[in-house]
Participant: 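Can you keep this structure in mind? I'll have questions shortly.
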Amino acid sequence: MAQGFSSGYKRDLSLFNLVMLNSMGMIGSGWLFAALYTSSYAGSFGSIIAWIIGAAIVLLVALTFMEVSTAFPLAGGSTPIGEFSHGKLAGFVVGWGAWISDIMTPPIEAVAMVTYLSFFVKGLITKTGVLLPLGYLVVVMVLLIILIINLQSVRIFGNVTSGIMIWKWAIPALAVVTLIGFAFHPSNFAISGSFYQGYSGIFYALVLGGIVFSFEGFRGAINMAAESQHRDYIWKSVVVALLLVMTLYIFIQVAFVGALDWSRIGVSPGNWGALSNSLLLSGPFAKEAEFAGLGWLVVILLIDAVVSPGGAGLSYAAYPARIFQSMAEFGYAPAWFKNLTDKSKVPGRALVLGFLIGLIFLYEFPGWHLLVGILTSTLVIAYVIGPATNSVIRKTAPEVERKYTLKGSKIIAPLGFMFSSLIIYWSGWPLSGEVVITVIAGLFMFGYFTAKNNFDMREIRRGMWLIALLFVIAILSYLGPSVYGGINIIPFPWDFIVTGLISLGFYAISQLNGVKSKSLQMYLESLKQEAK
């Protein structure tokens with residue numbers, strides 16, 4: 001590991017650990033709730049198509065990250081990658097977006113646990129899924145346990161996550177097989193309204209239905225690359241985990257739609273939009289199992305409602321700490337946070353900071369459905385940098401060893417960039433505007449450290465395209481169709497076409513602004529020193 005760049009971490013994570021880590025981030029509250037909300041936006045067939053589209057988009061983005069993350073196996077993932085290719089501002093913005101979204105993830109997973117617990121413990125949530133005081137208390141206790149585990153060594157962390165993951169794979173698979181075998185109604189796929197909100201509902205479901213949120217765990221190995229035993233484990237773990245989880249989620253959606261008992265739910269057949277405010281809210285799959293007379297499955301699902309979100313929250317608490325520690329290393333966060341604990345060699349101070357800020361988000365957004373939209377849209381800021389960086393790094397650092405080289409990157413990278421931009425657009429107005437506000441809030445901190453550390457203004461200017469992209473997408477969202485919260489100046493499908501073409505234009509600008517940054521030069525020099 002190059003001196004001064006995420007040095008000091010223990011390389012204890014095996015390929016199995018990394019596959020399980022990626023999977024654990026993807027099999028959390030998404031499997032418990034996303035099928036419900038996706039159906040409410042897209043209907044039966046529409047929801048299945050939405051999962052396929054979502055997985056394809058995430059795979060495109062993941063492919064671009066695999067090459068650069070194996071070339072630069074550093075903690076924090078997107079932060080050092082953005083810094084190396086486009087300078088300080090780009091590195092900060094993608095790090096800030098990933099950090100904010102990942103900090104929200106442990107609270108949202110804890111809220112999912114409490115929501116399912118409300119199935120048999122009263123007084124935890126309201127009828128609309130918002131936490132009550134007792135629910136707040138339980139969530140805080142869960143977050144505290146997650147913090148304590150993450151403060152242990154990475155070997156203990158990896159073994160704990162792998163053990164939990166075996167359970168997390170088994171229970172969704174059991175639910176799918178049982179519901180399809182004993183409670184399946186094929187007629188649900190023939191009910192009118194299979195595309196509930198038309199084609200627009202499919203794309204709305206990608207963000208607000210929780211699909212992209214469910215897949216965000218693919219970044220686990222990327223964020224913890226500095227702790228992988230071998231570089232090639234990074235890309236292998238991402239591919240294996242993503243393909244396996246994609247298959248599982250499609251079967252989960254099929255099982256959910258097929259097991260719907262409209263009369264027991266109290267919703268008229270085909271009124272998909274009413275599902276998200278129905279009896280299913282307290283536990284979609286547990287309720288379906290109850291209605292089918294599968295009491296034993298209800299018990300197992302309620303136990304899993306603690307294990308699955310708890311495991312995802314456990315892994316996600318680790319990610320923002322690595323991101324913020326990386327930001328501190330690069331000079332745009334307080335230097336106090338770049339130090340690792342003496343014994344366990346983990347970013348303990350950054351972990352505690354994430355815990356405290358997570359409590360603030362919990363207070364502001366006390367419900368699963370309240371968090372998922374803003375979390376996903378903020379996270380996608382970090383997605384954009386993978387496609388933008390791939391070709392740039394090939395030109396500026398061709399001598400760095402790569403365990404994986406992306407074939408067809410001239411097509412895959414711009415497509416990944418375009419779809420990442422479209423995900424922000426599909427979040428709708430005003431969420432797309434709130435993403436811009438979130439970034440502006442972070443820029444105040446960046447401005448302070450720019451003045452304090454005397455950053456090179458030329459590198460800052462090379463990252464301005466990213467800020468401009470977010471502003472333009474927010475404006476397009478406001479001008480778009482009313483179904484996405486806009487004012488109908490740009491109708492469907494022209495809104496998709498315009499947004500896609502403009503994002504491709506920004507991709508070209510990002511390539512023109514690629515640079516061999518000072519940080520990259522320092523990293524390459526340190527590699528040469530190590531090789532001597």
Side-chain angles (χ1 to χ4, degrees), residues 25 28-30 54 57-58 61 65 76-79 82 89-109 111 204 206-219 222-223 312-313 316-317 319-324 326-327 332-333 353-354 357-358 360-362 364-365 367-386 388 417 419-446 463 466-474 477 484-485 503:
S29 62
I57 291 174
V58 173
V61 175
F65 270 103
S78 53
T79 300
L89 179 60
F92 172 82
V93 171
V94 297
W96 179 261
W99 183 63
I100 290 294
S101 64
D102 283 354
I103 278 178
M104 290 188 232
T105 303
I108 198 174
E109 299 295 347
V111 168
Y204 230 153
L206 292 176
V207 180
L208 301 183
I211 291 177
V212 174
F213 163 75
S214 298
F215 285 124
E216 66 167 328
F218 85 84
R219 299 176 303 116
I222 295 171
N223 283 334
Y316 273 105
Y319 305 160
R322 271 71 178 175
I323 293 170
F324 203 73
S326 179
M327 292 169 67
Y332 31 78
L353 176 65
I357 294 181
I360 296 174
F361 279 115
L362 177 65
E364 292 294 328
F365 303 98
W368 195 90
H369 61 293
L370 300 175
L371 270 170
V372 70
I374 184 65
L375 184 156
T376 302
S377 300
T378 307
L379 170 66
V380 174
I381 298 173
Y383 282 6
V384 169
I385 204 63
F417 187 97
F419 282 114
S420 296
S421 304
L422 281 167
I423 288 173
I424 301 176
Y425 175 80
W426 290 329
S427 68
W429 181 266
L431 272 181
S432 57
E434 292 172 359
V435 171
V436 173
I437 294 173
T438 301
V439 171
I440 291 175
L443 290 178
F444 285 103
M445 185 174 82
F446 180 76
L466 184 52
I467 305 294
L469 171 67
L470 298 175
F471 270 96
V472 170
I473 292 176
S477 180
Y484 293 115
S503 65

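Since the model is a prediction, treat every value here as computed from it, not as a measurement.
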Participant: Rounded to the nearest 0.5 Å, what separation is found between the CE atom of Met104 and the CD atom of Glu364?
Facilitator: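 Reported to 0.5 Å precision, the distance equals 11.0 Å.
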Participant: Do Thr378 and Ser101 have side-chain N/O donor and acceptor atoms under 3.5 Å apart?
Facilitator: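 No.
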Participant: Quick one: CG on Leu466 to CZ on Phe471, what's the gap to the nearest 0.5 Å?
Facilitator: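 The CG atom of Leu466 sits 11.5 Å away from the CZ atom of Phe471.
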Participant: List the atom pairs, donor and acceptor, that lie under 3.5 Å between side-chain atoms in residues 419-427 and the rest of the protein, sequence neighbours left out.
Facilitator:
| from | atom 1 | to | atom 2 | distance (Å) |
| --- | --- | --- | --- | --- |
| Ser420 | OG | Gly416 | O | 2.8 |
| Ser421 | OG | Phe417 | O | 3.0 |
| Tyr425 | OH | Asp495 | OD2 | 2.7 |
| Ser427 | OG | Ser377 | OG | 3.2 |
| Ser427 | OG | Ile424 | O | 2.5 |

Participant: Nearest 0.5 Å, please: how far is CZ in Phe215 from CG in Leu206?
Facilitator: 10.0 Å
Participant: Would you sort out whether Tyr383 and Val212 count as a side-chain contact (heavy atoms from CB on, under 4.5 Å), showing the intermediate values?
Facilitator: CA-CA 11 Å; Tyr383 282 6; Val212 174; 4.1 Å; yes
Participant: About how many Å separate CD1 of Ile381 and CD1 of Ile473, when rounded to the nearest 0.5 Å?
Facilitator: 9.5 Å
Participant: Less than 4.5 Å apart, side chain to side chain, heavy atoms only: is that true for Ile467 and Leu89?
Facilitator: yes
Participant: Taking atom CG of Leu470 and atom OG1 of Thr438, what is their separation to the nearest 0.5 Å?
Facilitator: 10.0 Å
Participant: Under the 3.5 angstrom rule, does the side chain of Trp96 hit a backbone N or O of Ala441 as a donor-acceptor pair?
Facilitator: no
Participant: For the side-chain contact (heavy atoms from CB on, under 4.5 Å) test, which of Ile385, Leu469, Val439, Val384 pairs with Val93?
Facilitator: Val439
Participant: Do Phe365 and Ile108 make a side-chain contact, defined as non-hydrogen atoms from C-beta onward lying under 4.5 Å apart?
Facilitator: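 Not touching, per the 4.5 Å side-chain cut-off.
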Participant: Quick one, Leu375 and Thr105 - any side-chain contact, counting heavy atoms below 4.5 Å?
Facilitator: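 The answer is yes, as the side chains (C-beta and beyond) meet within the 4.5 Å cut-off.
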Participant: Let me confirm one number: the CG-CG distance from Leu431 to Leu208, rounded to the nearest 0.5 Å.
Facilitator: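 So the gap between those two atoms works out to 6.0 Å.
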Participant: Give the minimum heavy-atom separation between Phe213 and Gly30, together with the two atoms involved.
Facilitator: CE2-N, 4.3 Å
Participant: Go through the structure and list residues passing ring pair (Phe, Tyr, Trp, His ring centres under 6.0 Å) with Phe446, not counting sequence neighbours.
Facilitator: Phe92, Phe455
